[in-house]
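What follows is one structure encoded as structure tokens, with my remarks underneath.
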Amino acid sequence: MKTPIYLDYQATTPLDERVLEAMLPYFRDKFGNAASRNHAFGWEAEKAVENARAQVAVLIGAESKEIVFTSGATEANNLALKGIAEMYREKGRHLISAPTEHKAVLDPLQRIEQDGGSVTMLPVDKFGQVKVSDLEQALRPETVLVSLMAANNEIGTLHPLAAIGKLCKARGVLFHTDATQGVGKIPIDVEAMGIDLLSLSGHKIYGPKGIGALYVRRRNPRVRVSPQIDGGGHERGMRSGTLNVPGIVGLGVACELARIELDAETLRLTGLRERMWAKLRSGLDEIHLNGHATERLPGNLNVSFAYVEGEGLMMGMSDLAVSSGSACTSASLEPSYVLKAIGVGDDLAHTSIRFGIGRFTTEAEVDFAAERVVIAVKRLRDMSPLYEMAKEGIDLKEVKWSPTEH
Ligand SMILES: *Cc1c(COP(=O)(O)O)cnc(C)c1O
């Protein structure tokens, strides 16, 4: 087995060989500009782009014309949020979202607030889900957009998209979903779910980095977004710039493969995830699952290990490529804001690990990883007076610690 074992599929995914093969000709002799109307090079590139557009569209139940290619989901989210806030400014300046969203949603929302808009953040429960009744109460006459993610990138929690979409439709409010983690992993249908705008990204679904798309509904209602990048009117004016033809071809094939393999992969990945969780639980006590037990991404397992220290834990499993619950933003070791939002205390947040399982993860890798984690946690706990005290039945919250000198 080759180490380190990659278990960080929510951060990015390896490129599928089949995607790479499809892309290669567009780096070589098929190098045309899809906007060149006067010769075969341009026509060939345009044809490839339109083929990919259809492949993306069919995966989410959309039509080709509703797909706008972007540089990724960050740009797609920016276009959706800022583009709607600007376009519907006269109608109202209120948006609704949640604190567990990706930074690529939270930061544009902050910008919109700085520019005079207002944003309501819905509360989330301990699983990271919003309540539709809370959303209903938050809606105002001046609400123009609800933005809630399909699946959370840290804890894997799924949102009830169809129920949210139905409410938004009934109240005449547009619904955007950052479906970067959900597309190709769970069934998504923009019609059935009442989704008006949807962001997706190539590199989370075994496609290339630097390519993504925004779905923008064309009928019932016709949604309009204010462009954020001007310069030539590509993508029906919504996103200018010469199209990344190889990237788009790769995204198209990635979507096609995801669509064909979705059902089988859901079964396989759910099985691997449950296998990992069962092995961790049989080897260790005092561990906690973050996120929902069943309403979660098949390939996401997020676990907190009590009575160990976060950095030590990461060091103890250096042959696993995983993410920890303390994102090293700036210099400080801040616990994840997502775990914070679902009520995980700082201690447990610091010792949480996200295991991201995906297309190329094998059963042998899962077994090896689980074993590694069990050994690492046990070793740290053997050295931990806290774990020992807890095992002796001492309530650590009641202990009066004497100040230590540093
Ligand atoms: C990765 C990710 C993004 C950012 O996508 P890029 O294509 O890398 O810009 C946005 N939202 C979620 C939920 C993600 O997981």
Side-chain angles (χ1 to χ4, degrees), residues 4-5 7-8 10 99-100 123-128 152 154-157 273-294 296 300-357 366-406:
I5 293 172
L7 290 172
D8 206 6
Q10 275 88 56
T100 48
V124 293
D125 63 18
K126 63 178 177 181
F127 304 122
N152 187 276
E154 283 190 36
I155 54 174
T157 298
R273 182 192 78 206
E274 289 307 313
R275 185 181 178 92
M276 175 113 192
W277 179 227
K279 283 189 179 281
L280 293 179
R281 265 189 318 175
S282 73
L284 298 166
D285 58 1
E286 303 281 358
I287 66 174
H288 308 275
L289 179 71
N290 297 312
H292 202 283
T294 53
R296 75 184 300 133
N300 173 283
L301 185 66
N302 190 311
V303 182
S304 292
F305 301 88
Y307 308 115
V308 297
E309 185 258 325
E311 267 174 288
L313 183 58
M314 286 300 278
M315 278 194 287
M317 34 203 233
S318 55
D319 40 13
L320 308 182
V322 294
S323 268
S324 78
S326 15
C328 298
T329 45
S330 69
S332 68
L333 216 58
E334 274 285 302
S336 135
Y337 67 90
V338 172
L339 294 176
K340 233 178 172 143
I342 63 170
V344 177
D346 281 9
D347 283 4
L348 283 177
H350 275 305
T351 65
S352 80
I353 301 287
R354 178 183 71 185
F355 303 96
I357 300 167
V366 162
D367 291 353
F368 177 88
E371 208 169 294
R372 268 306 138 103
V373 175
V374 169
I375 291 171
V377 172
K378 276 190 170 155
R379 188 174 295 153
L380 288 168
R381 283 179 178 174
D382 281 346
M383 304 187 297
S384 159
L386 292 182
Y387 181 66
E388 210 170 297
M389 287 164 78
K391 286 292 103 181
E392 284 164 9
I394 300 169
D395 185 351
L396 292 173
K397 287 190 198 77
E398 297 298 310
V399 176
K400 300 232 175 354
W401 304 100
S402 58
T404 51
E405 283 170 50
H406 284 287

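Along the sequence shown, residues are numbered consecutively beginning with 1.
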Counterpart residues, side-chain hydrogen bond (donor to acceptor under 3.5 Å, both in side chains), relative to [X] (two or more places apart):
X    : answer
R273 : none
D367 : R275
N290 : N302, S304
S384 : none

Salt bridge (charged side-chain N to carboxylate O under 4.0 Å, His left out) against R296, all qualifying residues, sequence neighbours excluded
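Counting only residues at least two positions away or on another chain, R296 forms no salt bridge (charged side-chain N to carboxylate O under 4.0 Å, His left out).
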So, S336 and E154: side-chain donor and acceptor under 3.5 Å apart, yes or no?
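Short answer, yes.
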Which pairs count as salt bridge (charged side-chain N to carboxylate O under 4.0 Å, His left out) when at least one residue sits in residues 301-314, sequence neighbours excluded?
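Sorted result for residues 301-314: empty, none.
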Looking only at heavy atoms, what is the nearest atom pair of [X] and [Y], with distance?
X    : Y    : value
P4   : S318 : CB-O, 4.4 Å
K279 : A370 : CB-CB, 3.7 Å
F305 : L348 : C-CD2, 4.3 Å
H288 : A306 : NE2-CB, 4.5 Å
A369 : L7   : CB-CD1, 3.6 Å
T100 : G128 : OG1-O, 4.2 Å

I353 and M314: side-chain contact (heavy atoms from CB on, under 4.5 Å), yes or no, with the steps?
CA-CA 8 Å; I353 301 287; M314 286 300 278; 3.5 Å; yes
Please evaluate residues L339 and S352 with respect to the criterion side-chain contact (heavy atoms from CB on, under 4.5 Å), reporting the C-alpha separation (whole Å), side-chain torsions for both, the decisive distance (0.1 Å), and the verdict.
CA-CA 9 Å; L339 294 176; S352 80; 3.0 Å; yes
Are any non-hydrogen side-chain atoms of V322 and R354 less than 4.5 angstrom apart?
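Answer no - side chains too far apart.
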I'd like to check V303 versus M276 (side-chain heavy atoms, cut-off strictly below 4.5 Å). Are they in contact?
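A side-chain contact under 4.5 Å is absent here.
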Which residues share a side chain to side chain contact (heavy atoms under 4.5 Å, CB included) with [X], sequence neighbours left out:
X    : answer
F368 : M1, T3, I5, D319, L320, R372
D347 : none
P123 : D134
K391 : D285, E286, Y387

How many angstroms lie between CG in N300 and CD in Q10, if you round to the nearest 0.5 Å?
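It is 4.5 Å, given to the nearest 0.5 Å.
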Could you grab the distance from atom CG of L301 to atom CG of L289, nearest 0.5 Å is fine?
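Reported to 0.5 Å precision, the distance equals 6.0 Å.
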Counting only heavy atoms not in R379, do more than 12 fall under 6.0 Å of its CZ?
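Atom CZ in R379 is not crowded, with 12 or fewer foreign heavy atoms closer than 6.0 Å.
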Please walk me through it: do K340 and D346 pass side-chain contact (heavy atoms from CB on, under 4.5 Å)?
CA-CA 7 Å; K340 233 178 172 143; D346 281 9; 4.1 Å; yes
Do side-chain atoms of T157 reach the backbone of N152 as a donor and acceptor pair under 3.5 angstrom?
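Absent.
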